[in-house]
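Worksheet: the structure to be examined is printed underneath.
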There are 2 protein chains.
Amino acid sequence: MVTIADVARHAGVSPSTVSYVLSGKRAISAATRERVEASIKALGYHPHAGARALASSRANVVALVLPLRTDMHVPILLQIAMAIVTAARGHDHDVLLLTNDEGVEGLHRVARSALVDAVIVMDVELHDPRVPVLRELGLPSVLIGFPADSAGLTCVDLDFAAAAGMCVDHLADLGHTAVALIGPPAGVLERGTGFARRTVAGFEEAAARRGLRAVVRSCEPLHEAVQTTVKELFAEHPEITGLVVHNEPALPPLLQALRGLETAVPRDVSVVAVGPQELAAQVTPTPTMVSIPAEEMGRRAVELLMDKLNGREAPNATLIPPNLTPGHSTAPPPARS
Amino acid sequence: MVTIADVARHAGVSPSTVSYVLSGKRAISAATRERVEASIKALGYHPHAGARALASSRANVVALVLPLRTDMHVPILLQIAMAIVTAARGHDHDVLLLTNDEGVEGLHRVARSALVDAVIVMDVELHDPRVPVLRELGLPSVLIGFPADSAGLTCVDLDFAAAAGMCVDHLADLGHTAVALIGPPAGVLERGTGFARRTVAGFEEAAARRGLRAVVRSCEPLHEAVQTTVKELFAEHPEITGLVVHNEPALPPLLQALRGLETAVPRDVSVVAVGPQELAAQVTPTPTMVSIPAEEMGRRAVELLMDKLNGREAPNATLIPPNLTPGHSTAPPPARS
DNA sequence: TCAGCCCATCGAAGCGCTTCGATGCTCCGG
DNA sequence: CCGGAGCATCGAAGCGCTTCGATGGGCTGA
C-alpha cells in the first residue's frame, strides 16, 4: 500500500505538507503543490479511508436508509438513490446503503461507530419510527418526504399539493368543470404516507378554488381494479371529463380501460398524470404530466446535508415546485350535449 | 465518544482484553467476558469503524456497483440489492453503494483507499469494462451475471438457459408443438447482456431436443409494439400455440393484446413467463412462470464473497436452478381443426 | 541595518483499535 | 516439592492520517 509517507519521500517534503496539499487547509506554494500532486499521481496514492476517518473524525460517508417495503414507485426510489450517490460523490462523499430490516438499531450502529457522519432517510411515513432516532442521534440528516412532526428536521419533497393543484388548474383552464383524482391504493393512504395525503389536499383545495366538482378515488394498480374503478366512477359521476392520476402503475391499464369504454382520450376525457417522466414514453397518447424530479430531489437532499455538515443553516422544509409538461392526453371537454 | 479504553476501565481489564472479547481471537475466561460484555452494554460502546479498519486492515464493508442505465427490470435490481445488504449485515458487513457514472475509477478509489474490502458487481454485460478492473485490483469480488470471459471470476446468476428450457418442456409436456419466445428489446441483446442470450440459447436447445418448431422475437415493452409483434407472429406462424415471455414489462400488454385478438389464454394459446414473482399478481390469468429469485441471488452472492474474504475457495460459476410455478395461463393446445 | 512579520514547511502527538510477545498464574507429572 | 506447560491477561507498538505549534527564511519598514 502506498502511504502518505511514500508520497512525501517521493516529493521531498514532509507528510504533513502532503496532507495540506490534499486538504487545502494551509497555504502551500505552487511549486511544492505541483511536485506533490505529481508524486501522488506517479505513485497512484489514495489516502486510507479508515486512517483519515480516525484522525479527522470525519468518515466522508453518508448513510442512505431505504425502506424494505415501499410506498413509492420502485424505479423512482432507485433513481433518487442513484442521484444521491452521484451528488454525494460530487461532494467527496460515499454512500452506505442501509435497509430498514436491521431496524432503527442499524442507524444507531453506523452513527455510533462513526461509519457515517450524516444520514438521508427515504420514503418517510407520517409516524416514522426512524424520526425520533434521528433527533436523538444528533447527526446531520435529511428526510425525503415529510413526517407528521417535522420540527427541527430538514425535509425535501416534491410539492405534491402544488402538483395536484397544477393538474386541476390545467384542466380548469381548458374548461373542465368536474374532475376526479385517481390516487394510490387505499393502503398507502392509511399507512400515513404524507405525499398521498398532500396530493389529495392540493387536489381538493384547487378544485374548490376553481369551483370544480371533485371526486377522489383510491385504486389498486391491477388491470381489473382499474377497469372497475373507472367504470363505477363514470357511472356515478357522468359529468366528469377530467382525470388526475397519481398512481404510476395504474396509468397504462387506465388508458387501456378508457379505450375499452369507447371513451376517447382526450376527446371525451382528459387525463393528467403525476409520475416519473419515463412513464410518458410507455403509454399512448403521450400524457400531460407533472413529473417527479428524482434527480433534483436526490441532489437537493445532498446539498442540504452538506450544508448541515459544514455548519451552515439548512431550511426546515424544501418543497420542489412541480412542473407540468403538456402532452396529448388533455383537451377542452366535449361540448355539452 | 465511548472508546475501548472506557470499557476496559469500567470492566477493570486492559483494552486488549476487551478487543479479544469482541473478536474472539483469544480465549477469555467466562467471568471476564461477561463483565466486559456488561460494561459494553452499560456504556453503549460501539467500536470506531475507522480505527478498526486502520488497525486490522479490514473495513468490513463491501462495495455494490449498480449500473446507471440498466438492462434488468428495476424492481428486481433493487430487490437483489436489498437482499445483498441484508445478507451482508448477517456477516457483519455493510454495503457501500457505487454507481457506474463515476466510472471504473470509482472502483479503483474505494479499493485503493481501503474503504471496502470486497466488491459485488450487478448487471454484468458480456464485455463489461469493470471486469478487467476487478482482475487487476485483486479484491475478492462476485459478479451477478456472466461476462464473456469469466475465467478466474466468481459469478452468480439464475440459470436462464435452464429456465427457458423448463418453459419449453412445460409446453411440450402439455402437447404443444410450435412455440415462440418473446424476448427483451433488441437493444438489450445487442448490448451483450448475457442472460438474454442464454435464454435464447436455452429456448432453442430445448425446442430442438423436444422436436418443437421454435421462433424467437424481440419486443419493446410498449403497448403498440407488443400488439404488432403478436399480430405479426400469429400471422406468420399460425401454428404457434405456446409463448415463452422473457420481458417483464411486456407481459401485461401482451396478455391484453391477446385478449384483443380474441385469443383466449390458455384455451387458444398458452403463455409461460420468466420474471419476478410479483408480476404474477398484476395480471390475469395468473401466469405460469419461472420466477427470478432475487433474494437467493443476493444471498448467494454474499455467501460466496464471504467465502473468498475468509480465504475459502469459491466456485467459478453458480447457476441458480429455476423454479416453475404453474398458473392459469397454460393448458394443452386446442385440438387440431 | 535590523526588528518584526508572514509565508511555507516541518515534526510530533494522537485519533481508537488490533495484535504480538511477554508475564504471571495455576496445575500437572516426576 | 519443583520445573515446565498452558491458560488468561497485560502492555506497547503501530496502522496511516490530521493537526497544532514550532521553525526558519525572505520581506518590509523605520
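Residue numbers start from 1 in every chain, and the chains themselves are labelled A, B, ... in the order their sequence lines are given, proteins ahead of strands.
Rounded to an integer number of Å, the gap from A:R9 CZ to C:dG11 P is 13 Å. One atom, NZ of A:K25, and another, C1' of C:dT9, lie 18 Å apart when rounded to the nearest Å. Rounded to whole angstrom, the span from the NE2 atom of A:H46 across to the C1' atom of D:dG16 amounts to 15 Å. Taking atom CG of A:L54 as the reference point, atom P of C:dG14 lies 14 Å away to the nearest angstrom. Residue B:L43 contributes atom CG, which lies 15 Å from atom P of C:dG16 at whole-angstrom precision. The separation between A:I28 atom CD1 and C:dC6 atom C1' is 15 Å, rounded to whole Å. One interatomic measurement links the two molecules: CD1 of B:I4 to P of D:dG14, which rounds to 19 Å at whole-angstrom precision. At whole-Å resolution of the value, CG in A:L115 and P in C:dC15 are 20 Å apart.
The residue A:S29 sits close only to the backbone: its heavy atoms come under 4.0 Å of sugar-phosphate atoms, none of a base. When heavy atoms are screened at a 4.0 angstrom cut-off, A:T3 is found touching the sugar-phosphate backbone but no base atom.
With respect to A:R109 and B:D94, a salt bridge is recorded, a charged nitrogen being found less than 4.0 Å from a carboxylate O. Checked for salt-bridge contact, A:E37 and A:K41 miss the test: no charged N lies under 4.0 Å from a carboxylate O.
Of the candidate nucleotides C:dC10, C:dG16, D:dA8, C:dC10 has the atom lying nearest to any side-chain atom of A:V13. Distance from the side chain of A:H48 is smallest for D:dC17 among the nucleotides D:dC17, C:dT9, C:dT19. Comparing atom distances between the B:A27 side chain and each of D:dT19, D:dA8, C:dA8 picks out D:dA8 as nearest. Taking every side-chain heavy atom of A:S14 into account, C:dC10 is the closest of D:dT19, D:dC15, C:dC10. If you check D:dT19, D:dC10, C:dC15 against the side chain of A:A55, the one that comes closest is C:dC15.
Contact check, B:S19 against C:dT18: a side-chain N or O comes under 4.0 Å of OP1 or OP2.
Counted by atom type alone, B:S19 and B:S16 present zero donor-acceptor pairs between their side chains at under 3.5 Å. A:H91 and A:E303 share no side-chain donor-acceptor pair at under 3.5 Å.
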Exercise. For the pair A:S39 and A:H10, evaluate side chain to side chain donor-acceptor pair (under 3.5 Å) and give the outcome as yes or no after the intermediate values.
Key: CA-CA 6 Å; A:S39 299; A:H10 187 272; 2.8 Å; yes

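Taking only distance into account, the side chain of B:S16 meets the base of D:dG11 through a donor-acceptor pair shorter than 3.5 Å. Not a single donor-acceptor contact under 3.5 angstrom links the side-chain atoms of B:R26 to the base of D:dG6. Not a single donor-acceptor pair, N or O on each side, falls under 3.5 Å between the base of D:dC7 and the side chain of B:Y20.
Between the side chain of A:D117 and the main chain of A:N60, a donor-acceptor pair closer than 3.5 Å is present. When atom types are taken as modelled, the side chain of B:D6 and the backbone of B:T3 share a donor-acceptor pair closer than 3.5 angstrom.
Residue order along DNA chain D, read from the 5' end via each residue's closest nucleotide, puts B:A51 first among A:R52 and B:A51.
Heavy atoms only, all atoms of each residue included: B:L139 and B:A118 are closest at CD1-N, 4.3 Å.
Note that the two end axes of the helix from C:dC5-D:dG26 to C:dG30-D:dC1 enclose an angle of 50°, each drawn from 5 base pairs, rounded to 10 degrees.
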